[in-house]
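One structure is given below, encoded as structure tokens.
What you see is a predicted model, and the numbers here were worked out from it, not measured in a lab. A, B, ... follow the sequence lines: proteins, then strands. Residue 1 opens every chain.
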Amino acid sequence: MAAKTDTSEAYVHRFAEAKATLAGHGLPWLAGLRERAIERFAALGFPTRRIEEWKFTDLRALTRTTFSPAPRLANGVTGDAVGRFLPADLPSHLLVFVNGHHRADLSDVGELPAGVRLCGLAEALAEAPELLEEQLCRDGALDGHAPLALNTAFMTDGAVLMLARGVALERPVHLLFLATGDEAPAVAHPRNIIVAEAASRATVIETYAAPAAGAYWTNAVTDIVMEADASVRHVKVQAESHDAFHLAVTRVRLAKGSAYNSFVASVGGRLARNEITAVLGEGVECRLGGVYLARGRQHLDTTTLIDHARPASFSNEHYRGVLDDSAHGVFQGKIIIRPDAQKTDAHQLNKNLLLSRTAHVDTKPELEIHADDVKCSHGAATGALDAEALFYLRSRGLDTDLAQRLLIEAFVGEIIDEVETTALRAHLRRVAAAWLTQVNK
Amino acid sequence: MLKIRNLHVAVDGKEILRGITLDVNAGEVHAIMGPNGSGKSTLAYLLAGREGYAATEGEILYDGRDLLALEPEERAREGVFLGFQYPVEIPGVGSMNFLKSAVNAVRKHRGQPELDAMDFLKLARQTMKLLEIDEALLSRPLNVGFSGGEKKRNEVFQMAMLEPRLAILDETDSGLDVDALKVVAKGINALRGETRAIVLITHYQRLLNYVVPDQVHVLADGRFVKSGGKELALEIEDQGYAALGLRDNSAAA
Ligand SMILES: Nc1ncnc2c1ncn2[C@@H]1O[C@H](COP(=O)(O)OP(=O)(O)OP(=O)(O)O)[C@@H](O)[C@H]1O
Ligand SMILES: [Mg+2]
């Protein structure tokens with residue numbers, strides 16, 4: 001193996017030191033999984049831009065530093081800090097994590113209907129590990145890139161949500177990850193596991209945020225397994241600190257007749273990548289949407305893979321980006337339609353608004369179609385604010401800032417409006433408005 | 001109020017206005033007519049401050065101040081209003097929300113208290129009633145999917161709400177049915193007053209039956225070629241520009 005110029009070896013060493021104390025260390029299957037994961041990580045090394053999927057995202061700023069495990073804090077974050085990140089008028093089953101560790105004192109799970117399990121991963125590994133083995137060790141669990149393998153090697157906590165057959169969870173489940181970003185750069189590897197059994201339904205909100213500024217790394221993995229006719233709505237808000245790195249992979253498996261609906265608002269982080277991989281069974285519906293809003297020197301990457309493996313499924317993707325200053329946006333959307341996936345209906349759209357000459361976006365649709373009876377469309381558009389619209393608004397007395405803000409809000413709002421729940425729409429609009437009114441100069 | 005002196009305007013390097021002089025005093029209504037492509041909208045855009053429209057010669061004084069030195073929003077706050085020939089559709093921006101911001105920006109500049117949501121709505125409803133505008137129309141995004149006539153009516157509605165001192169209406173009468181024309185005329189006449197001036201750009205006598213102008217000017221090929229009283233508009237309606245010794249620009253091209 002060639003000598004590594006990055007810090008991957010340091011993580012391998014650290015794993016050897018830490019493995020005896022990691023969550024669930026007494027479980028042979030888990031120890032074995034972690035060993036396989038770190039081996040895979042060592043073999044892969046951190047991805048470089050020579051790898052096609054990472055062509056537009058340079059991780060060197062991340063891989064120059066060795067991040068130590070994020071400390072477990074008994075205090076230091078208050079209930080007030082938590083409140084800031086919750087949607088208004090939308091009571092939820094709330095699980096709070098600080099530096100990746102579940103904090104029961106800040107959480108508010110409330111009453112759960114029969115057939116719903118919601119707890120921390122560390123707790124689940126201690127109390128009911130047999131429920132997790134199948135999920136964590138399923139075929140292909142280690143496929144993917146090095147950060148994903150690293151998460152599997154080091155995962156300490158996260159959320160476990162299990163919905164029994166037919167259960168409909170009325171209130172959303174909110175997973176709130178807060179980072180304190182202390183002096184030494186630290187990494188958390190949250191691992192979330194969501195299993196929706198046949199015909200169950202739930203809404204899951206995932207929020208990553210920092211009550212104060214700080215440099216740290218969140219390396220999250222969320223696995224969602226949807227059995228027949230299950231329905232999951234998933235809203236994610238990535239509002240990490242402006243010095244933070246955020247790498248996240250969401251893997252969704254959709255069985256026959258299920259429906260997955262995701263919306264990601266990405267506004268934080270100095271470098272963030274949201275990756276979604278969805279494998280679609282027969283007759284499913286998969287909708288992915290989101291916005292990424294970046295300024296300064298922020299780099300926000302949205303990478304999706306929709307794998308139409310079986311016939312008669314529908315997928316729709318619509319992401320919009322707003323990029324100011326010298327920010328860099330990336331959208332990579334791959335759609336595979338396998339030979340067996342006749343009658344597939346797949347659509348993809350990516351629109352970007354560039355607010356400055358030095359902002360830029362790389363957008364790359366990638367369609368791999370192996371079936372003939374399919375409908376498939378994709379489109380991408382990148383442009384500046386409409387000068388005519390801007391003039392029209394200004395000619396009525398609005399100053400340039402407000403006129404621009406109205407137009408950006410409109411651009412972003414149009415896609416937020418596709419989210420179904422009123423309170424979630426309002427929450428996402430507030431996230432966008434907060435970004436818009438932020439003074440960063 | 002408005003003094004235009006020997007104004008030359010180039011757009012994309014092409015000279016469109018070639019020496020225009022015009023005086024509009026408070027209390028007056030002026031009509032500007034002229035063949036397609038003669039430069040009427042160019043003049044309107046220049047007055048409102050549209051980017052890309054540069055005066056290469058001459059000056060425009062508004063209340064004695066250099067109008068061209070002001071940003072579009074400053075002009076609006078100082079009381080200049082342009083009713084667009086082609087109002088812009090703006091998806092995602094609510095008509096009322098936008099107008100409330102505009103009204104308050106103008107009020108703030110005039111030292112008047114800003115209107116809260118209730119007061120704004122009250123004023124808007126009164127104005128809608130006067131202009132016979134359906135409230136449902138304004139619950140939609142700005143001009144999006146509005147019919148041609150609805151767009152023009154919305155321009156007049158905005159004008160009524162903003163109470164400008166100098167209103168320039170660029171073909172606000174085009175595309176209106178007879179009833180809508182009367183309503184629009186009512187809106188314009190309601191604005192008329194000692195301290196205000198109105199410039200109507202139009203192709204038709206129709207509107208001028210309801211809003212009787214003090215002066216009529218004919219713009220051709222970037223110059224005013226004739227000015228007169230309200231009879232001039234009738235003459236043009238009767239005999240066309242040819243009788244004035246002019247050809248239609250677009251026909252000549
Ligand atoms: N960006 C531009 N580049 C070149 N020529 C332009 C540009 N904009 C306008 N023109 C030209 O300037 C001339 C005047 O246009 P303008 O819109 O002012 O005419 P108008 O008198 O308002 O006509 P109409 O009655 O059809 O509305 C036209 O010949 C038009 O093609
Ligand atoms: Mg015109």
- request: On the 0 to 90° scale, with breaks at 30° and 60°, tag the B/F84-A/F391 ring pair as parallel, tilted or perpendicular.
  value: tilted
query: Is it the backbone or the side chain of B/L142 that comes under 4.5 Å from a heavy atom of chain A, or both, or neither?
result: side chain
task: Could you look at B/R50 and say if it's the side chain, the backbone, both or neither that has a heavy atom under 4.5 Å from chain A?
output: both
task: For residues B/V93 and A/A410, report the shortest heavy-atom separation together with the two atoms involved.
output: CG2-CB, 3.7 Å
field: chain B contact via A/E388 - which portion, at a heavy-atom distance below 4.5 Å
entry: both
field: Validation row: B/R77, A/D399 side chains within 4.5 angstrom (heavy atoms)
entry: yes
task: Would you check if the side chain of A/R396 reaches a backbone N or O of B/L82 as a donor-acceptor pair within less than 3.5 Å?
output: yes
message: Show the nearest heavy-atom pair for residues A/G397 and B/A76, with the distance to one decimal.
response: N-CB, 3.4 Å
statement: Checked A/D386, A/V412, A/T400, A/D417 vs chain B; the most non-hydrogen pairs under 4.5 Å come from A/T400
message: So which atom in A/L402 and which in B/S101 form the shortest heavy-atom distance, rounded to 0.1 Å?
response: CD2-CB, 4.0 Å
Chain A contact via B/N143 - side chain, backbone, both or neither, heavy atoms under 4.5 Å: side chain
message: More than 12 heavy atoms of other residues, nucleotides or ligands under 6.0 Å from CZ of B/R140: yes or no?
response: yes
query: Given a strict heavy-atom distance threshold of 4.5 Å, which part of B/V106 is in contact with chain A: side chain, backbone, both, or neither?
result: side chain
query: Which answer fits B/P164, side chain, backbone, both or neither, if we ask what part of it has an atom under 4.5 Å from a heavy atom of chain A?
result: neither
